[in-house]
**Q** 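My structure is below; once you've seen it, I'll send some questions.
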Protein chains: 2
Amino acid sequence: MSSTPKLGRVQLQIMQVLWAQESATARQITDELNRQKPVGAPPIAHSTVQTLLRKLEAKGAVSHRVEERIFVFEPVHEQSEVATGAAADLLARLFNRSISGLVAHLVKHEKVSPEELDRLREVVAQAEAAQNARANATTAEGSR
Amino acid sequence: MSSTPKLGRVQLQIMQVLWAQESATARQITDELNRQKPVGAPPIAHSTVQTLLRKLEAKGAVSHRVEERIFVFEPVHEQSEVATGAAADLLARLFNRSISGLVAHLVKHEKVSPEELDRLREVVAQAEAAQNARANATTAEGSR
DNA sequence: AGGCATAATTTACTGAGGTAAACGCGGTTC
DNA sequence: GAACCGCGTTTACCTCAGTAAATTATGCCT
């Protein structure tokens, strides 16, 4: 069962680049990371990125193919898989698996824009609708 | 600037016990952790817990007082502080700071009970109400 | 051909988390 | 008072993330 592997801080940043670009060379990743880097922060060395890429490949998070004698890496897992795994982890570790508890904390302690709250309400409404639909289907199924 | 320190996996478990009990001795924590441990998992050694407690104290996550020649530990930070920090971290790392994105993932990939969805809607509604109240106050202020 | 540029690989070191045995010490027990 | 128990301390490993220089391989340019 290849459950999504655990990733470190920088490893995740690398994955972000890969998810955003579909696939990338080590050089592209290095440049991208250094471009995003906040001012004052020391740039990451290319060899560091290469090392981490090999570690990522070793644990099955990325794969590579050779193109023009250069390694082109691509992610093995979808971003959503990793994201969901990490979220479930956080939920279990600190919020007693209570999603509402987590969200309550977020809306209380993070600054949330009105638009974001709108989207949030939308998401909840949709989930509720989906659940109702499923309930109806089950009822109908059972009633005949 | 004592921002909440970063905690490891087992370190967090220790903190959970401390948060639940207000304060505890190393022995109590060891026993509690081993009680909660899933069957088949090897129990944690007492000295391991002691070591981690000292590391936690070194980084300012817990403090101790001596009572009857025995160390009694207690958490330095509130659980909510640590939880909020960790949540903000996850949000930044994987969800581009989008709370709705996070919640969308959760309701999609975790099984959410109808009650939990209810609470969730409640939380969002309350946040919205709070925001509207603030907006109204601002408008009233500006319109006269 | 010689050298430059770039890529991949090798090697090395630090720091943190986790794990736990070994050690020393004060108090209890027979 | 000798053996023992429980506690904190010391010491020691292992693993993994992160960091990056040094080395090797190879194509390309002049």
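In the text below, chain A, chain B and the rest are named by the order of the sequence lines, each starting its count at 1.
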**Q** What residues in residues 57-72 of chain A put a non-hydrogen atom under 4.0 Å from any atom of DNA chain D?
**A**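 When residues 57-72 of chain A is checked for heavy atoms under 4.0 Å from DNA chain D, the hits, listed by number, are Lys59(A), Arg69(A).
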
**Q** side-chain contact (heavy atoms from CB on, under 4.5 Å) with Glu68(B): which residues, sequence neighbours excluded?
**A**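 Once residues adjacent in sequence are excluded, Glu68(B) has no partner under the side-chain contact (heavy atoms from CB on, under 4.5 Å) criterion.
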
**Q** Mind checking what makes side-chain contact (heavy atoms from CB on, under 4.5 Å) contact with Thr51(A), not counting sequence neighbours?
**A**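 Partners of Thr51(A) by the side-chain contact (heavy atoms from CB on, under 4.5 Å) criterion, ordered by chain and then number, come out as Lys55(A).
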
**Q** Reckon Lys6(B) touches a base, only the sugar-phosphate, or nothing at all at heavy-atom distances under 4.0 Å?
**A**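 Sugar-phosphate: the residue Lys6(B), judged by heavy atoms under 4.0 Å, touches backbone atoms but no base.
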
**Q** Salt bridge (Lys or Arg N to Asp or Glu O under 4.0 Å) with Arg121(A): which residues, sequence neighbours excluded?
**A**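 Scan of Arg121(A) (salt bridge (Lys or Arg N to Asp or Glu O under 4.0 Å), adjacent residues dropped) gives Asp118(A), Glu128(B).
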
**Q** Return whichever of Arg54(B) or Leu7(A) has its heavy-atom-nearest nucleotide of DNA chain D closer to the 5' end.
**A**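 Going by which nucleotide is closer to the 5' end, it is Arg54(B).
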
**Q** Decide yes or no on side chain to side chain donor-acceptor pair (under 3.5 Å) for Thr4(A) and Glu81(A), but give the supporting numbers first.
**A** CA-CA 7 Å; Thr4(A) 64; Glu81(A) 295 179 66; over 6 Å; no

**Q** Taking side-chain contact (heavy atoms from CB on, under 4.5 Å) as the test, write out the residues that go with Glu74(B), two or more places apart.
**A**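 With neighbours one apart ignored, the set is Ser23(B), Ser63(B), Arg65(B).
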
**Q** Would you check if there is a donor-acceptor pair between the side chains of Glu32(A) and Gln36(A) at a distance under 3.5 Å?
**A**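 Judged by distance alone, the side chains do pair up.
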
**Q** According to side-chain contact (heavy atoms from CB on, under 4.5 Å), who are the partners of Ala41(A), at least two apart in sequence or on a separate chain?
**A**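 Ala41(A): side-chain contact (heavy atoms from CB on, under 4.5 Å) contacts with Lys37(A), Pro38(A).
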
**Q** For the pair His105(B) and Phe95(B), name the ring-plane relationship: parallel under 30°, tilted 30 to 60°, perpendicular over 60°.
**A**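 Rings of His105(B) and Phe95(B): perpendicular, over 60°.
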
**Q** Who passes salt bridge (Lys or Arg N to Asp or Glu O under 4.0 Å) against Asp31(A), sequence neighbours left out?
**A**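 Residues passing salt bridge (Lys or Arg N to Asp or Glu O under 4.0 Å) with Asp31(A): none at all.
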
**Q** Let's see if you get this right: which residues in residues 8-44 of chain B place a heavy atom under 4.0 Å from DNA chain D?
**A**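 Within residues 8-44 of chain B, the residues near DNA chain D are Arg27(B).
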
**Q** Quick check for you: to the nearest 0.5 Å, what is the distance between Leu7(A) atom CG and Ile14(A) atom CD1?
**A**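 One gets 10.0 Å once the value is rounded to the nearest 0.5 Å.
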
**Q** Taking five pairs at each end, how big is the angle between the two axes of the helix from dA1(C)-dT30(D) to dC30(C)-dG1(D), to 10°?
**A**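 The angle separating the two end axes equals 30°.
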
**Q** Can you list the steps and then say if His46(B) with Thr30(B) is a side chain to side chain donor-acceptor pair (under 3.5 Å)?
**A** CA-CA 6 Å; His46(B) 183 50; Thr30(B) 302; 2.8 Å; yes

**Q** When you look at Arg54(A) and Glu57(A), which way does the salt bridge (Lys or Arg N to Asp or Glu O under 4.0 Å) test go after all the steps?
**A** CA-CA 5 Å; Arg54(A) 231 151 338 91; Glu57(A) 185 154 35; over 6 Å; no

**Q** If you take all heavy atoms of Pro75(B) and Met15(B), which pair is closest and at what distance?
**A**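 For Pro75(B) versus Met15(B), the nearest heavy atoms are CB-CE, 3.9 Å.
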
**Q** Extract, from 5' to 3' on DNA chain D, the first and final nucleotides lying under 4.0 angstrom from some heavy atom of chain A.
**A**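 It runs dA17(D) to dG27(D).
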
**Q** Specify the separation, in whole Å, of atom CG of Leu53(A) and atom P of dT9(C).
**A**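 Between P of dT9(C) and CG of Leu53(A): 11 Å.
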
**Q** Any protein N or O atoms within reach of nucleotides 21-23 of chain C? Criterion: under 3.5 Å, listing atom names and distances.
**A**
unit_1	atom_1	unit_2	atom_2	d
dA21(C)	N7	Ser47(B)	OG	3.3

**Q** Mind jotting down which residue pairs meet the side-chain hydrogen bond (donor to acceptor under 3.5 Å, both in side chains) criterion with at least one end in residues 5-15 of chain A? Sequence neighbours excluded, please.
**A**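 Qualifying pairs, neighbours excluded: Gln11(A)-Lys59(A).
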
**Q** How about Leu33(A) and Val17(A): do any of their side-chain heavy atoms sit closer than 4.5 Å?
**A**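 Counting from C-beta outward, Leu33(A) and Val17(A) do come under 4.5 Å.
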
